[in-house]
Amino acid sequence: SENAIPTKILSNILGGGDLSSRLNTNLREKHAFTYGAYGGVNADKLVGSFSAETSARNEKTDSCIQEFLYEFNKIRKEPVTAEELSSMKNSLTGSFARSLEHPSTIASFALNVARYNLPKDYYQKYLSNLSAVTVGGVQQMANKYITPKTLYIVVVGNAKEVAKGLDKYGEIKYYDIDGNEAKAPTSKPVDPSVTGESIIKKYITAVGGDAAIAAVKDIDMSGTAKVEGAPMDFAVSQKYILPTHFEMIMSAGPMTLFSESVKGGVYAKSQQGQSVPVEDKDKEELDEEACFVNEVYYQKNKYTYTVKSIDAVDGKDAYAVEIASAKGRTFTNYYDVETGLKLKNTHVEDDGQGGKMNLYTVYSNYKTFGGVQMPTEMVSFVGAKISVNIKDVKVNTGLKAEDLK
């Protein structure tokens, strides 16, 4: 308990929520690597820990790690300034005083004394103990709890883009989205004769060809979805009237959890029964989906392609094709070198906190319905992992617009 207060000061100076913390000043204000950087010592009755984190562009991963380590070593080797210490004491004193305005605070103090076996007068002496902390005391806590040589560095992102230069920090291990150890990503060069257009054409041929695709007028499919962390499966329904109508509904019994649709140029999305705005990029994605074979829409709307490399997707060599849409969206599709089938789609979106989030869908278990191959299993990561299994597919049953909700 005698270390708690100087360690709190240490944590707040280094990487507390205040914008003036050292980590934030360095990574955000000085270098503009990130929207925010945070870190500190986390207390626990059984196992305490030191951690720090940020979100940044893939190409700045190495730079961020360097600056984190710089700040960790600096606060160990050099005493914090008298101004930093005084400012943090004033801040914590004010926070403590304001907290006493709430009756629940007294209950929390009592619980903490019992839970952590604190001295009975811990909170009565809090302010005097806070005032007594010295720069030397803060430095002592830094050397006790911040140990750069024993850190685990965890990086989440596109492995090919973030791994460069990280081997200088130690052995690099790779893991998949489920935490299973995986092989390092590899890339192979692409034969110059292979173009984005030829890959797209091969995919269209692989799923059935232009004539078979054109013969599909409507599709009605249903299945189940597993959402990571959810205690139950959900029902999924997708209906198409090509090429202008599409509807997808995920539901739990009579309750609609999520839906999206385009019906002859009218777009809609909802979450838990509440309508949500449909942005231009959403409209373009729905128009692609209404064609069912998205690549047909790419061709008709003059999307452009850049073949990046040959990457491994679930053990299969796949062409990585970066695609630019008519409205300026960019995403990457991966097509099996051998079969031509699409194995994966990835794209990047804002995470709402100034960073980026890599989203993906993996396609597998292709089956033929109405002369056209389609994946019946899809695993997506869209902030949560969602696994969809299509169990029933009907083609050309005469669906009409009114059959879509």
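No donor-acceptor contact under 3.5 angstrom links the side chains of His245 and Glu247, judged on distance only. The closest side-chain donor-acceptor pair between Tyr298 and Asn333 falls under 3.5 angstrom. Side-chain atoms of Tyr297 and Gln299 include no donor-acceptor pair closer than 3.5 Å. The closest side-chain donor-acceptor pair between Asn42 and Ser51 falls under 3.5 angstrom. Inspection of the Ser222 and Ser237 side chains reveals no N or O donor paired with an N or O acceptor under 3.5 Å. Under the 3.5 Å distance criterion, with hydrogens and angles disregarded, a donor-acceptor pair is assigned to the side chains of Asp311 and Ser187. For Thr105 and Ser108, the side-chain atoms include no donor-acceptor pair closer than 3.5 Å. One side chain, Ser259 or Ser270, offers a donor N or O that lies under 3.5 Å from an acceptor on the other. Using modelled atom types and a 3.5 Å distance limit, the side chains of Asn345 and Tyr363 yield no donor-acceptor pair. One side chain, Tyr303 or Glu288, offers a donor N or O that lies under 3.5 Å from an acceptor on the other.
Taking the six-membered ring where the residue is Trp, Tyr126 and Phe96 present parallel rings, their angle staying beneath 30° rather than reaching 60°. In this pair, Phe72 and Phe68 present their aromatic rings tilted. The plane angle is within the 30 to 60° band. Using a 30° and 60° split on the angle between ring planes, Tyr123 and Phe109 fall in the parallel class, below 30°.
Figure legend: Arg28 and Tyr35 shown as a cation-pi pair, the cationic atom lying under 6.0 angstrom from the six-membered ring centre and within 45 degrees of its axis. Figure legend: cation-pi geometry between Lys239 and Phe246 absent, as NZ or CZ is not positioned both under 6.0 Å from the six-membered ring centre and within 45° of its axis.
Proximity of Arg115 to Asn112: side-chain heavy atoms (C-beta onward) are separated by under 4.5 Å at one or more points. The shortest distance between side-chain heavy atoms of Phe331 and Glu322 does not fall below 4.5 Å. Side-chain contact between Ile219 and Phe292 is present, with heavy atoms from C-beta onward closer than 4.5 Å. The closest side-chain heavy-atom distance from Tyr334 to Lys316 is not below 4.5 Å. For the pair Ile390 and Val388, the minimum side-chain heavy-atom distance is below 4.5 Å. Side-chain contact between Asp317 and Glu338 is absent, with no heavy atoms from C-beta onward closer than 4.5 Å. Residues Asp282 and Lys269 are in side-chain contact: their nearest non-hydrogen atoms beyond the backbone lie under 4.5 Å apart.
With Asp178 contributing its side chain and Asn180 its backbone, the two residues share no donor-acceptor pair below 3.5 Å. With hydrogens and angles disregarded, a donor-acceptor distance shorter than 3.5 Å links the side chain of Asp218 to the backbone of Gly398.
Rounded to the nearest 0.5 angstrom, Glu83 CD and Met88 CE are separated by 11.5 Å. Rounded to the nearest 0.5 angstrom, Leu151 CG and Leu69 CG are separated by 6.5 Å. For the atom pair CZ (Arg57) and NZ (Lys60), the distance works out to 5.5 Å, reported to the nearest 0.5 Å.
Aromatic rings of Tyr335 and Tyr203 (six-membered ring for Trp) have centroids within the 6.0 Å cut-off, being under it.
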